[in-house]
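Below, chain A is the first sequence line, B the second, and so on; all start at residue 1.
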Amino acid sequence: EAGVAQSPRYKIIEKRQSVAFWCNPISGHATLYWYQQILGQGPKLLIQFQNNGVVDDSQLPKDRFSAERLKGVDSTLKIQPAKLEDSAVYLCASSLGLAGEQFFGPGTRLTVL
Amino acid sequence: GDSVTQMEGPVTLSEEAFLTINCTYTATGYPSLFWYVQYPGEGLQLLLKATKADDKGSNKGFEATYRKETTSFHLEKGSVQVSDSAVYFCAASGGSNYKLTFGKGTLLTVNP
């Protein structure tokens, strides 16, 4: 069974530029999560989808971050414009349902210069 | 909201040594508790979990017991191997959306 796929794996941009990350969850998983992991810290949930609806986006900086999961399958996370403090690994995870085990992708490492 | 505090590293041990990584949580209600592991260059993987008080999760020689009275979920292994070198994260899941809250992670290095 294929795992959670993410791309790109690495991205370097300058501040004020835009960037987008893509995630394809495990087939059949209804719940999808985006986490931000800053160096030396644990992952922090940014947004959680159940199918194509948002369950929790309380920690998403909505002035610059956006995410969508239009068809309830893959998802895109966008940052516009990026700040230096956005440098982090962005993890995508999926689970069968809200209470299910979360499976994580390899992450996208973003460096903002 | 929920919070998780775990022992800060790094932790360096010799092969076959005993390992303990402390983890405590604060939460409303009774969260499920998890240990995740991140090997070098790989994604986060679930190591073990416990869903109610006094439950013991175990996997690959690692164990952790859900202690409600001390709000703790300490990770232990009797004899570590070089291949156990990784970052270990304690996490708690609660609320209507089962949101995962992670600790900061503990880097473990095991030397031969």
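Residue contact with chain B, scored on non-hydrogen atoms closer than 4.5 Å, is absent for A/Ile38. For a residue to count as touching a neighbouring chain, one of its non-hydrogen atoms must lie under 4.5 Å from one of that chain's; by this rule A/Tyr35 touches chain B with the side chain only. Only the side chain of B/Gln38 comes within contact range of chain A, with at least one heavy atom under 4.5 Å from a heavy atom of that chain. Proximity to chain B is absent for every atom of A/Gln6, based on heavy atoms less than 4.5 angstrom apart.
The candidate with the highest count of non-hydrogen atom pairs below 4.5 Å against chain A, out of B/Glu42, B/Gln45, B/Lys99, is B/Lys99. Most heavy-atom pairs under 4.5 Å with chain B: of the set A/Leu98, A/Thr31, A/Val89, this distinction falls to A/Leu98.
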### Query
When you look at A/Ser75 and A/Trp34, which way does the side chain to side chain contact (heavy atoms under 4.5 Å, CB included) test go after all the steps?
CA-CA 9 Å; A/Ser75 175; A/Trp34 282 103; 2.9 Å; yes
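A donor-acceptor contact closer than 3.5 angstrom is absent between the side chains of B/Gln6 and B/Asn22.
Cluster annotation: A/Leu113 and A/Tyr90 are assigned to distinct hydrophobic clusters (Ile/Leu/Val/Met/Phe/Trp/Tyr, side-chain heavy-atom contacts under 4.5 Å, transitive).
Between A/Phe21 and A/Ser7, every side-chain heavy-atom pair lies at or beyond the 4.5 Å cut-off.
Not less than 6.0 angstrom separates the ring centroid of B/Phe34 from the ring centroid of B/Phe89.
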